[in-house]
Protein chains: 2
Amino acid sequence: MALEHAILVSLLEKPGSGYELARRFERSIGYFWTATHQQIYRVLKRMESDGWVDVRDVPQNGRPDKREYSVAGPGRDALSAWLRRPTGPESVRNDLAVKVRGASFGDPAALISEVERHRGAHTDRLAHYLAGAARDFGERSPDRPLDAECELQHVVLRGGIAYEQMMIAWLDDVLATLAGLEARR
Amino acid sequence: MALEHAILVSLLEKPGSGYELARRFERSIGYFWTATHQQIYRVLKRMESDGWVDVRDVPQNGRPDKREYSVAGPGRDALSAWLRRPTGPESVRNDLAVKVRGASFGDPAALISEVERHRGAHTDRLAHYLAGAARDFGERSPDRPLDAECELQHVVLRGGIAYEQMMIAWLDDVLATLAGLEARR
DNA sequence: TTGCTCATGTAAACTGTTACATGATTGC
DNA sequence: GCAATCATGTAACAGTTTACATGAGCAA
């Protein structure tokens with residue numbers, strides 16, 4: 001269980017409201033951990049009552065007030081304890097792999113458009129990552145290295161890029177295999 | 001939701017009991033879809049009452065009887081309908097990426113052993129996949145191609161291999177980044 | 001006799017998804 | 001006037017995880 005930890009990391013990078021966190025989970029953090037606003041509000045409430053975060057009501061002109069959360073001492077401790085604690089093997093959930101394996105009992109060709117759709121989604125995401133990498137980490141001089149926070153954000157982004165490239169290559173392999181089966185019939 | 005579909009695929013490959021399915025979810029299918037025996041028993045019961053699977057009581061000598069499930073017509077239909085139906089974007093859950101990004105607010109060096117542990121797990125899994133690939137798909141003659149089921153199992157396995165190789169390379173990148181931050185202090 | 005494998009389950013707690021609800025402001 | 005954005009929630013349901021429970025056989 002790590003939604004609270006993902007929220008702590010995000011709040012350490014910048015304090016914000018539940019709504020703002022939900023936005024961030026559609027971008028940046030959301031690329032390696034998904035959550036909806038309902039989940040976030042629920043967890044924020046629990047973390048507040050556990051003393052992991054502080055809240056501050058921020059009045060805004062012409063807009064509803066927002067409750068801005070920031071990480072408190074116990075939250076920081078909980079995060080650094082979690083960093084050290086071994087995390088179990090990730091649970092994999094790959095619909096498409098199940099579908100590909102299931103295709104042999106149905107019509108393999110029927111899967112082609114679905115695989116192409118996924119390929120498109122991964123291509124879009126890759127382009128998005130590459131643009132972000134160029135924007136945020138493009139102009140680095142070797143004699144003036146970035147700080148730790150930046151370096152670590154960059155290595156996570158490189159992971160996202162490697163993942164998307166791997167997926168696109170694999171989906172091409174799947175498409176070639178499906179086409180081969182089709183041609184053979 | 002696709003646990004029922006993963007179970008259908010597994011039962012089409014070979015009928016079996018809930019217990020046997022739970023074993024398979026620790027290997028083969030489990031590499032791209034995880035499930036515990038509790039989930040499996042619950043879903044099997046629902047699928048049985050929906051007529052997706054047939055059950056047969058198999059007495060065994062010296063062992064408890066087992067209830068062997070096999071896919072029925074409606075189950076096969078449900079599977080092929082799902083194969084055609086677009087599946088939403090996969091929800092990513094990567095603990096380690098959250099940890100790496102969180103490390104800048106704690107001690108980056110404290111994360112090194114955790115990353116090394118994950119690297120070891122991925123190396124083991126890669127070796128296991130490669131052994132399986134050599135065993136099941138090693139001796140192929142180009143003039144006698146395998147059947148569809150085999151080809152599709154093979155392409156899924158290639159995906160697993162590509163994933164593990166990508167992860168190991170990324171974890172090396174993470175380790176180099178963490179070491180670089182450590183050396184700089 | 002201790003622990004492992006085979007075999008099937010229940011119960012409770014937690015997490016995730018979908019739908020609904022409110023209310024102000026900004027831009028077309 | 002209509003839709004989108006900002007901002008915070010509730011409610012119901014579905015799915016997942018963890019712990020507990022039973023009981024037989026088999027091997028060190």
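Sequence lines set the chain letters: A, B, ... in the order given, protein chains first and strands last, and positions in each chain run from 1.
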* Report the residues that fulfil side chain to side chain donor-acceptor pair (under 3.5 Å) with B/T87, sequence neighbours left out, ordered by chain and then residue number. => A/K99, A/E114
* Asked: With sequence neighbours excluded, what pairs up with A/R93 under the side chain to side chain contact (heavy atoms under 4.5 Å, CB included) test?
  -> B/W33, B/T34
* For the helix from C/dT1-D/dA28 to C/dC28-D/dG1, what angle lies between the axis at the first five pairs and the axis at the last five pairs, to 10 degrees? -> 30°
* Structure fact -> Residues at least two apart in sequence or cross-chain that pass salt bridge (charged side-chain N to carboxylate O under 4.0 Å, His left out) with A/R42, listed by chain then number, are none
* Structure fact -> Residues at least two apart in sequence or cross-chain that pass salt bridge (charged side-chain N to carboxylate O under 4.0 Å, His left out) with B/D173, listed by chain then number, are A/R158
Check: protein-nucleotides 10-12 of chain D nitrogen or oxygen pairs below 3.5 Å:
| residue | atom | partner | partner atom | Å |
| --- | --- | --- | --- | --- |
| D/dT10 | OP2 | A/K45 | NZ | 3.4 |

* Taking only residues two or more places apart in sequence, or in another chain, which ones meet A/E164 in a salt bridge (charged side-chain N to carboxylate O under 4.0 Å, His left out)? -> none
* **Counterpart residues, side chain to side chain donor-acceptor pair (under 3.5 Å), relative to B/S70 (two or more places apart)** => none
* Qualifying residues under ring pair (Phe, Tyr, Trp, His ring centres under 6.0 Å), relative to A/Y129, sequence neighbours excluded -> A/Y31
* Under the ring pair (Phe, Tyr, Trp, His ring centres under 6.0 Å) test, which residues partner A/H37, sequence neighbours left out? -> A/Y41
* With sequence neighbours left out, what residues match B/D172 under salt bridge (charged side-chain N to carboxylate O under 4.0 Å, His left out)? -> B/R119
Distances under 3.5 Å only, N/O to N/O: pair up the protein atoms with those of nucleotides 4-6 of chain D.
| residue | atom | partner | partner atom | Å |
| --- | --- | --- | --- | --- |
| D/dC6 | OP2 | A/Y19 | OH | 3.0 |

